[in-house]
Amino acid sequence: MKSKFKQQFLSQWELQVLVWPSIILMIVFSFVPMLGLIIAFQDYSPLSGFTGSEFVGLDNFKAFLGDKDFYNVLTNTLGISLMKLLIGFPLEIVLAILINELRLVFFKKFTQTISYLPHFLSWVILGGMITSWLGSSGLVNSFLLSTHLITEPISFLSNANAYWWIATLSDIWKEVGWGTILYLAAITGIDPSLYEAAKVDGAKILKRIWYITIPSIKNIIVLMFLLRVGSILGANLDQTLVLQNSSNMLRSEVIDSYVYHLGLAQGDFSFATAVGIFSSVVSVTLLLVANFLTKKLSDSSIF
Amino acid sequence: MGLDRGEKIFNVFNVIFMLFFIAIIVLPLINIIALSFNDGYDAMKGGIYLFPREFTLVNYETILKDTTIYRAFGVTIAKTVIGVIGHLVITGAAAYALSKSYLLGRKIFIRMGVITMFFNGGMIPSFLVAKSLGLTNSFWVYIIPVLFSFYDMIILMNFFRSLPDSIEESAKIDGASVLQVFFKIIVPLSFPVLATIALFHGVYQWNDFFVAKLYVTDKSLYPIQYYLYQLLTSAGAANSAKAGVYISKAFTTQSLQQATMIVTTLPIMLIYPFLQKYFISGMLVGGVKE
């Protein structure tokens, strides 16, 4: 038995050579950090390391669950993510359906090319652009002043109450076109004879969209929805880092940036890791619950 | 096929909506281009929309005179090229080996990979691991941790499995080794999907600034995005404003930032429309077939 295994292994040694670098990378950069989660249960100090640091049980978890800042950060994360989900998610589907209905091939391609473009801008670039557009002499204020809608320039980015909207709308601006790709691909795969038949039966265009297009792409809609729900606590760190400033901090700090600031800027490794664990446990739970519910309601799911 | 009245009305509204949508994407970008060609102090008065009011090239001249930007561009180009090649070789090799159902250990590997898609150590433990490996302040911190991606591996593996076995078999009978088969047969057949992965990883490498923010303090290793990030945050802005005092008065920190944003983005904007057909077909392979 053992020699047979050895023989098989040797006969495919070339394939084994191809796969081992990846296994090693996965162990080092994915599994070793998982072991490193132990520091959430320690009072970790970089000098004594994983092995020498004192074990404190759930103290770090208790500390952030009793912390007022934490609930503020959690509210911001959920608020921004839910706004992105409620506005951005349906918009992507609507946009995909409308792009698909464009009849001029050239115009359709052009619209697609333009709609993907912002996805390729980095958040650093976009952060700079947003600062410029929303600045006191920027595009938005110039326009509002010239139309006499306002008499004084508004400083949008230092207004904490405007931050959720800025984060949501800028994210949608950047990603809505990109989000249409998979839906468009799925729509392309729909059997044209379905539309022909509906036409013969006298179904108008809106009815055809409602009764053919949307049901045909239902599975991909459910899949994308589940993935979105699973990442609801991971509000974009890059976005937060470039749009955050001291005056909108109260409404802009989200879990990921909180972990970054506490862990890497202030060196409170254990506390930050505990917050990180909380966030991933909640995310996986949300994913499982959403998966369960959609399975009940629509018989399509990831697992 | 005749169009009924409702359909005609729908089409008209649809085209109007799309023109509006295109305008919302394009006009703000043109605004930044206009500002980058405008006198900085004049721009502070506001009211610039789509064309520069006091045209000048001084913003571009100033940033291109600063040699640190060339260095940052060099780092970015190097990390993008090396990163993409390395990522394709490592992830592609694993995907090819795992596309063979008889590979020993295949199941264990796939299970391990699925786990990494749901759980990870998160920011702090990952930071501590990379640091203990001595990747801090090293060029390789941009490359090594992202050489392998399980998600990209799955996309490539599914594509390789869809290729007919018979082509490979005949090459093997002619005496080709595994590596020869991979490079001479599989790679050329897989061009669209490899190009897609290359584009995605290339864009990631070009746009990433966070790795530099976490691990790099050596200025000579700053990529262009982190250079820009520093220019946009107050500390960097103060520096560049100081530098500006004795060169010219036609620009402000803002106008320099706008020109830098354009210069930084231009390479990607020029390349991406040509790669569009590949990433659309590549997304099809990875997404819908599922």
Side-chain angles (χ1 to χ4, degrees), chain A residues 8-9 12 14-15 18-19 21-23 25-26 28-30 32-34 36-37 39 98 101-103 111 113-118 120-122 124-125 127-129 131-133 137 139 141-142 145-146 181-182 185-186 189 204-205 220 237-238 242 259-260 263-264 269 272-273 276 280 284, chain B residues 6-7 10-11 14 17-18 22 25-26 28 31-32 35 44-47 90 93-94 96-98 100 103-104 109 112 116 118-129 145 147-148 178-179 203 207 209-210 225 228-229 232 254 257-258 261 264-265 268 272-273 276 280 283-284 287-288:
Chain A
Q8 255 188 335
F9 189 89
Q12 54 177 239
E14 284 162 303
L15 289 173
L18 294 181
V19 84
S22 296
I23 295 181
L25 285 167
M26 204 157 77
V28 172
F29 293 106
S30 298
V32 176
M34 282 186 217
L37 289 174
I39 66 171
L98 290 180
E101 295 293 337
L102 290 174
R103 291 179 158 260
T111 310
T113 306
I114 296 295
S115 76
Y116 302 153
L117 198 141
F120 292 90
L121 303 172
S122 76
V124 179
I125 302 277
M129 289 182 173
T131 314
S132 163
W133 296 331
S137 60
L139 189 64
N141 271 313
S142 288
L145 283 169
S146 70
I181 289 191
L182 281 181
K204 297 269 185 284
I205 183 153
I220 198 106
L237 177 64
D238 285 1
V242 297
V259 169
Y260 171 77
L264 294 158
F269 292 114
T273 305
S280 25
V284 173
Chain B
E7 210 159 329
F10 177 88
N11 284 343
N14 196 8
F17 177 80
M18 285 305 159
I22 291 169
I25 303 267
V26 172
N31 177 248
I32 301 290
L35 285 168
M44 281 166 72
K45 292 177 207 148
I90 296 290
Y96 178 65
L98 288 161
K100 308 290 171 211
L103 186 84
L104 291 173
F109 183 91
M112 281 166 71
T116 65
F118 289 98
F119 298 100
N120 57 66
M123 195 190 299
I124 312 293
S126 303
F127 172 81
L128 294 174
V129 168
L147 276 175
F148 176 73
V178 170
L179 286 180
V203 170
N207 280 345
F209 73 103
F210 190 65
Q225 300 285 346
L228 181 62
Y229 177 77
L232 294 169
Q254 270 244 309
Q257 288 170 355
Q258 283 139 357
M261 285 186 257
T264 312
T265 313
I268 276 195
Y272 118 88
Q276 195 180 333
I280 291 175
M283 293 276 286
L284 276 173
V288 178

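The chains referred to below are lettered A, B, ... by the order of the sequence lines, with proteins before strands, and numbering in each begins at 1. These numbers were taken from a predicted model, which means no experiment stands behind them.
Ranked by non-hydrogen atom pairs under 4.5 Å with chain B, the options Pro21(A), Gly263(A), Gly128(A), Ser30(A) are led by Gly128(A). Contact count against chain A (heavy-atom pairs under 4.5 Å) is highest for Ile32(B) among Val203(B), Val26(B), Ile32(B). Counting heavy-atom pairs closer than 4.5 Å to chain B, the top residue among Val28(A), Asp238(A), Val32(A), Val284(A) is Asp238(A). Among the candidates Val19(A), Ile125(A), Ile23(A), Leu102(A), the residue making the largest number of heavy-atom pairs closer than 4.5 Å to chain B is Ile125(A). Of the listed residues (Ile114(A), Thr273(A), Val124(A)), the one with the most heavy-atom contacts under 4.5 Å to chain B is Val124(A). Taking Val129(B), Ile25(B), Asn11(B) one by one and counting their heavy-atom pairs under 4.5 Å with chain A, the maximum is reached by Ile25(B). Interface remark: of the candidates Leu228(B), Thr265(B), Asn207(B), Asn207(B) forms the most heavy-atom pairs closer than 4.5 Å to chain A.
Heavy atoms of Gln254(B) lying under 4.5 Å from chain A belong exclusively to its side chain. Looking at Leu103(B), the atoms closer than 4.5 Å to chain A (heavy atoms on both sides) sit in the backbone and in the side chain alike. When heavy atoms are compared at a cutoff of 4.5 Å, Leu15(A) approaches chain B by way of both its backbone and its side chain. Only the side chain of Ile39(A) has a heavy atom closer than 4.5 Å to any heavy atom of chain B. With a 4.5 angstrom heavy-atom cutoff, Asn31(B) touches chain A only via side-chain atoms. Heavy-atom distances place no part of Leu145(A) under 4.5 Å from chain B, backbone and side chain included. Heavy-atom distances place both the backbone and the side chain of Leu117(A) under 4.5 Å from chain B. With a 4.5 Å cut-off on non-hydrogen atoms, Phe127(B) touches chain A through its side chain but not through its backbone. The contact between Val259(A) and chain B is made by backbone and side chain atoms together, counting heavy-atom distances below 4.5 Å. Residue Ile268(B) touches chain A through its side chain alone, counting heavy-atom pairs closer than 4.5 Å. For chain A, the nearby part of Leu98(B) is the side chain; its heavy atoms alone come within less than 4.5 Å. With a 4.5 angstrom heavy-atom cutoff, Lys100(B) touches chain A only via side-chain atoms. Heavy-atom distances place both the backbone and the side chain of Gln8(A) under 4.5 Å from chain B.
In this structure, the side chain of Tyr272(B) engages the main chain of Thr113(A) through a donor-acceptor pair within 3.5 Å. Using a distance-only test at 3.5 Å, with no hydrogens or angles considered, no donor-acceptor pair links the side chain of Glu14(A) to the main chain of Leu179(B).
Checked against ring-ring contact (aromatic ring centres under 6.0 Å, His included), Phe29(A) has no partners two or more places apart in sequence or in another chain.
Here Leu237(A) contributes atom CG and Met123(B) contributes atom CE; the two are 5.0 Å apart, rounded to the nearest 0.5 Å. A distance of 8.0 Å separates CG of Leu35(B) from CG of Leu139(A), quoted to the nearest 0.5 Å. Interatomic distance, CZ of Phe109(B) versus CE of Met26(A), reported as 4.0 Å (0.5 Å rounding). The distance from the OH atom of Tyr96(B) to the CG atom of Leu18(A) is 8.0 Å, given to the nearest 0.5 Å. To the nearest 0.5 angstrom, Met34(A) atom CE is 8.0 Å from Phe119(B) atom CZ.
In plain terms, the two heavy atoms of Met261(B) and Met129(A) that are nearest each other are SD-N, 3.5 Å. Smallest separation of non-hydrogen atoms from Ser22(A) and Ala94(B): OG-CB, 3.2 Å. The shortest non-hydrogen separation linking Gly47(B) to Ser142(A) is N-OG, 2.7 Å.
Judged purely by distance below 3.5 Å, without hydrogens or angles, the side chains of Ser132(A) and Gln258(B) pair a donor atom with an acceptor atom.
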